[in-house]
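Counting starts at 1 for both ligands and their atoms, following the listed order.
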Amino acid sequence: MSKGILVILSGFSGSGKGTLMKRLLEKYDNYALSVSATTRSPRPGERDGVDYFYKTEEEFSRMIEEDAFLEYARYVNHSYGTPAAYVDEQLARGKDVILEIEIQGALKVKAKRPDTVLIFVTPPSAEELERRLTGRGTETPDVIRQRMARAVEESESMEHYDYILVNDTVEECVDELHRLIQAQHLQAVHQREFIREIRGELKEREEHRK
Ligand code: 5GP
């Protein structure tokens, strides 16, 4: 069985990437979603171990010391990190693993593991982004301002990503995301086993002919 592909999905807060992920997992098999650790408090409806593992600053620091993270970063006053063990376990089982993380973390993972696929999700316009953030109704105007300011910063790094995915209609976007990830399996770096096999077969036939 070939190893799964590590995919990073980033996007402005409010880009709809959370919904996109949820639909991807409901609609298609063979994906595993990594659950991050964070020091921020749960939003209404979020559950520990499902949306995040909620940690105190002390617990988070301990995880850093124990080298438990594939990457970690600060984002608007809080720490977020990807526990490495789950990711490696799922990749080894042949699952395509999705990390929904911000840009600093994405670049750290890409540097460590260059065959990671970086996908950036964006709403069609800045106006739509602000509308979605306000419509969520869970953030204070101050936090919305902070997140819009962060979006300006993040837009500076969009070129570092392999793909830009415009999330206009969720259902269309989720299908496009699935096609995009599956297409990555065709890359020669992910086909080493097949290449080895067919090369062996070709050589064997050549031998028989002699
Ligand atoms: P939120 O507080 O809105 O759930 O997440 C804030 C930002 O942190 C989002 O851009 C989200 O993708 C990012 N994030 C979530 N988990 C991780 C993680 O484990 N590592 C990094 N670097 N960013 C994360």
Side-chain angles (χ1 to χ4, degrees), residues 6-22 24-25 31-57 59-64 66-91 97-113 116-123 129-130 132-158 160-161 163-165 167 173 177:
L6 185 56
V7 179
I8 292 186
L9 204 70
S10 302
F12 311 123
S13 177
S15 61
K17 59 188 186 305
T19 315
L20 205 58
M21 292 299 322
K22 200 167 155 264
L24 184 76
L25 268 83
Y31 291 110
L33 181 60
S34 156
V35 178
S36 294
T38 182
T39 58
R40 84 150 163 76
S41 320
R43 295 197 188 108
E46 286 185 349
R47 282 176 297 157
D48 190 32
V50 177
D51 300 280
Y52 284 104
F53 296 106
Y54 299 95
K55 303 284 178 194
T56 62
E57 292 285 350
E59 287 168 339
F60 199 92
S61 301
R62 203 170 318 127
M63 289 181 78
I64 296 174
E66 288 165 356
D67 205 20
F69 291 125
L70 177 58
E71 63 71 42
Y72 62 92
R74 291 287 289 182
Y75 181 94
V76 190
N77 306 328
H78 287 290
S79 297
Y80 296 81
T82 308
Y86 176 82
V87 171
D88 289 327
E89 212 174 272
Q90 296 297 316
L91 287 175
V97 179
I98 318 236
L99 311 183
E100 192 205 316
I101 66 176
E102 55 66 69
I103 199 152
Q104 306 161 61
L107 297 181
K108 284 184 208 161
V109 176
K110 184 82 174 182
K112 264 194 193 169
R113 303 188 183 189
T116 305
V117 183
L118 264 52
I119 305 175
F120 195 94
V121 184
T122 170
L129 178 64
E130 189 154 3
R132 287 184 195 175
L133 273 176
T134 314
R136 205 188 247 176
T138 53
E139 319 288 8
T140 62
D142 203 40
V143 169
I144 291 170
R145 251 193 312 277
Q146 283 178 5
R147 288 182 179 228
M148 286 302 288
R150 177 76 184 213
V152 176
E153 277 173 36
E154 287 185 337
S155 70
E156 297 291 337
S157 306
M158 286 168 78
H160 294 298
Y161 280 75
Y163 300 98
I164 305 294
L165 195 62
N167 182 11
C173 193
L177 179 60

Which one of L118, I98, V97 satisfies the side-chain contact (heavy atoms from CB on, under 4.5 Å) criterion with I8? L118
Test your reading of the model: is there a side-chain donor-acceptor pair from S10 to the backbone of I101, 3.5 Å cut-off? yes
Donor-acceptor contact present, side-chain E46 to main-chain Y52, <3.5 Å: no
When you look for protein heavy atoms under 4.0 Å from ligand 1, which residues do they belong to? K17, S36, R40, R43, Y52, E71, A73, Y75, Y80, G81, T82, E100, I101, E102, G105, R147
Minimum side-chain heavy-atom gap Y163-L165 below 4.5 Å: no
Please tell me whether F69 and F60 form a close aromatic pair, meaning their ring centres lie under 6.0 Å apart. yes
Please list, chain by chain and in numerical order, all residues satisfying side-chain hydrogen bond (donor to acceptor under 3.5 Å, both in side chains) with K108, sequence neighbours excluded. none
